[in-house]
Amino acid sequence: MIQLKFRAINTIDDALDLLQMAIGIEFSTLPPYLYALYSIMPGTNAVAADRIRSVAMQEMVHICLACNISNALGKTPKLAAPTYPGPLPGGIGAGGTALIVHLLRFSKEAMAQAMAIEEPEDGPIDFPHEMLEAAAAPTFMTIGQFYHHLDKFLATQPAASWTAGRNQLDDRQFLPGAVFAVNGYADASRAIQDIVSEGEGNKTSPLDFAGEVAHYYRFAEIFNDQVLTKADNPQGFVWQGRLGVDWKAVYPAIPDPGGHDFSRDPPAARAAQDRCDEAYTRLVQELQRAVAGEGGRLGNAVRAMFDLRMAARHALTVPLAVPTQVSGPGFRYREGLNAESRP
Amino acid sequence: MSVLETPRLLFRGRVTFDPIVTNNQPAEYDESYSRTVFNPGADVAAFRKAAIAAVVGGNWNPHGTHRSTFYETFLVGVDTGHGPTADDPIVKCPVSFAGMLVDVEPYGAFSSQLFFDAISFGIQGGCRVFAPRTTRMTGRYINFARNTTYNPAVDPNVAAGGASVVWQTSFPKAGGLRVDQHDSPVLRQLAEALEDDDVLGLTVRWNAYRTLYFDSLVPSNNPDLARQLQNKLTGGGFQPNPARSELVGVLGLWRKGEPASEPGDRALLTQQSASMASAHVRLSADQLTLDLANSVPETGVDLTKLNLGDLTAVAVAADGTTVLATLGTFGYDAYRREAYNGTAGIVTLKVDPAAATTAQTADIQLRQSDGAVLLAEAALRAIPAVPNTYLDEGEATRLAVLVLDRGRPASAGVSVAMVNPASSTSASVSAVTDANGIATFPLVGTVGQVESFLLVPGQGAPVPQDIDPQTTTYAYVRTLPADADVARLAPTWVNVHAQVLRNWEAMAPCMDNWLLLGDAAQVKSFAAMVRRLTAKSNFESYRFMPVTRDLTAGERALLYAFLDGTTTVAAAETPAPRSLRQQSRALRGG
């Protein structure tokens, strides 16, 4: 479970600071999920790959929605690329210990890490959103609690706090029905509900089996290689049947390529990493431009995302100095690299 | 029978349509040769640039992907025989679908289909119907008068905005169809019904309507939005521009004797197309169920339904005028927008059993209160088992045509004519139905042609001049040239790119997302994947490449020779001489 250090939201600036932190966390979850996804050999683990991909897509939606809220409140968000291994920005793991996030190939370990990131605020199943209010002096808050807290604060703000149409992204081209402009509190509240319900689960029941299952459970299905299935029991579910995970159908990708010294590896491997870095850097740059008012650059960011995927798929086939090893993308942001989109 | 029987599930939502439309014009695409048309000296970059320049002129989606995806689509009700209700646990569950929209006839509008892998009602682990594809979805009964806001006579670039389409396919029990009942009464009923030997599986039928370009409710804004899109395209990146439609749909039983890919219920054809489009109905011993999903126009972007007043279903004598029995009357409340959304356009009337008996053998009409006939039954309908067929040059197949007589397979001996309305000789071939109501035609396509065939049941029945998707049934056949000369080329990168890959590299910039078709090393490095995605055995798959299904045998042979690194290629048959029509089309293509 990722937590933020508790901080009261008394002003718009308080809200914006925490919102920026939440955006950073959402953004930082993408590389570990994508690293695991890319490392799956083509044509294998289709169901598991679909689940990871759907979570990653939702994280992208959450980033866009959170950025829309920030922009509507007057602040252009900053998309800062984290380094791996490392803590999520502002994030604190369960019990106050920082959760160090690694880039891991598709494995039980990677899924366990994803579950740790996505674990609902009071552990699986129970979901008492009101706990925050009940606590006399909370120390930490989960992402879900933060958003709930934010929603309550934003509900008290006057209409003048919102700037309609400021740097808003929408889904005319991509992610149909998921990304929408935030022009006031009603939009913001809807966005928050979407983020929380998809990430942690529906407020009353994260497992109502009517909508999408919350991220934690999607990863848990893969971890357990079982399908979370509706049941008439007190929990409301059972683990049933195989999901069809093949832990061996994975490229032998090293963990945390960001910390790997590629200077000892063959030129082809270094070139493959360079292509990954270039695409990732371009992705970050284009996305930053998109959330800063150049909405059309979202298409460039999407292209960069596809380029990153292709670069990753190639990199995962290029042997390192240890010929039984390969590397996925390091998700390294290259400062100073002016990576204009190719037309 | 059919989805008009109960139990049935009702759904509603939205769908994106993201086709590349650059290939809709002969100046950019020659459908006879299945090739992109490059101006003299033009390369891929020049073609793409020209496609972007044409955006303002109506080429509204040069970066399309052909994908069609349901979104915000949920089950809104179920009907177990007592009218629609929303108290089943599967209600509000999502309906998930992703397909590839491809027209057999790139220049035309009557041959749309959706290639897909599966459709899901509900989520895995919960109440769900999971239906893997056996046959692609087929679009038929296009209604160009559906929405009065988008008038193609005023603005031809918004034609699809005014249209609606009936989509259908069916899923056999043995094809991996899965019903996870849990605590859902309707799914329990559905599962029990599937045990019946007469039930083949399930049919899904849905109606797409009010298609918005640029996601804009105001068509007059489209020119400005086109310029904005053009600016984004010029700025690089991936800039698709999917159109969006509303949809309502129904999932129900597929019984023996029912066509898989288009409605087979009793057909009530439009008599006043501006007021009401053709519909299908099911008559039981005491009930008439009308599928009006595609029929009643909306008067504007707000989707208000045209008020036609009270409508009465009657059974008439052979003169088409004399009323033999009145089946029932329903008012605007039954087909206004709110009702339409909740019932997927299905209206059910209780019918006096005696009247129902009369109507079993008489034509049914739907009339307004002043007696004006909106819909009139055509008893005989000839429906192709495979609505759209792709052939390679030299390939032959047989087309089975199911003849329905008031919604049931016709008896043996009914004559059916298959007519190519574009044929210079107006030639037609005839066949008669067997004991199962099926007439079979040999099908040998004309090389390099996209042909349409009207199917006209009944001895001496008048043959329409052309396809009218509201009233005629038809089949499409596309025969790709062998391209033997291409197959014989040396499998060098220059040849493979020039003769094969650059066609799609130019026409489909979205391919840059998945594979750079102009990058020899990348193409080679993904050889296994390219082979898998282009294999004819994967033709029905969602991910088949090229999406447009226009890779010729010669192109495939040359591509595979390059991927395999071989130096010689087995020769294909020499192409047959091209017909006058083909030459004409080639001329149109420049």
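Treat the numbers as computed from the prediction; the structure is a model and nothing was measured. A note on names: the letters A, B, ... follow the listed sequences, proteins ahead of strands, and every chain is numbered from 1.
Gln239(B) CD to Asn300(A) CG: the interatomic distance, rounded to the nearest 0.5 Å, is 5.5 Å. The line from CG of Leu229(B) to CZ of Arg172(A) is 11.0 Å long, rounded to the nearest 0.5 Å. Atom NZ in Lys230(A) sits 13.5 Å away from atom CZ in Arg128(B) (nearest 0.5 Å). Considering CH2 of Trp514(B) and CZ of Arg309(A), their distance stands at 7.5 Å, rounded to 0.5 Å. Between the CG atom of Asp215(B) and the CG atom of Asp170(A) there is a distance of 7.5 Å, given to the nearest 0.5 Å. Here CE of Met310(A) is found 6.5 Å from CG of Leu516(B). Values are rounded to the nearest 0.5 Å.
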Pair Gln173(A)-His63(B), side-chain contact (heavy atoms from CB on, under 4.5 Å): steps then yes or no: CA-CA 10 Å; Gln173(A) 293 175 277; His63(B) 277 198; over 6 Å; no
Step by step, work out the side-chain contact (heavy atoms from CB on, under 4.5 Å) result for Asn513(B) and Met305(A). CA-CA 9 Å; Asn513(B) 291 339; Met305(A) 176 68 88; over 6 Å; no
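Residue contact with chain A, scored on non-hydrogen atoms closer than 4.5 Å, is absent for Ile52(B). At a 4.5 Å heavy-atom cutoff, the contact between Pro509(B) and chain A is made by backbone atoms alone. With a 4.5 Å cut-off on non-hydrogen atoms, Phe526(B) touches chain A through its side chain but not through its backbone. In this structure, chain A has a heavy atom under 4.5 Å from the side chain of Asp183(B), while its backbone stays farther away.
Smallest separation of non-hydrogen atoms from Asp512(B) and Asp307(A): O-OD1, 4.2 Å.
Listed options Gly177(A), Gly43(A), Ala231(A) were ranked by heavy-atom pairs under 4.5 angstrom with chain B; first place goes to Gly177(A).
Within a 6.0 Å sphere centred on CG of Asp232(A), other residues, nucleotides and ligands contribute 12 heavy atoms or fewer.
Partners of Arg67(B) under the salt bridge (charged side-chain N to carboxylate O under 4.0 Å, His left out) rule, at least two apart in sequence or in another chain, do not exist in this structure.
Contact of the Met529(B) side chain with the Pro42(A) side chain is not registered, since no non-hydrogen atoms from C-beta on lie closer than 4.5 Å.
Between the side chains of Arg51(A) and Gln124(B), at least one donor N or O sits under 3.5 Å from an acceptor N or O.
Classification of the Phe306(A)-Phe238(B) ring pair by plane angle, with boundaries at 30° and 60°, yields perpendicular.
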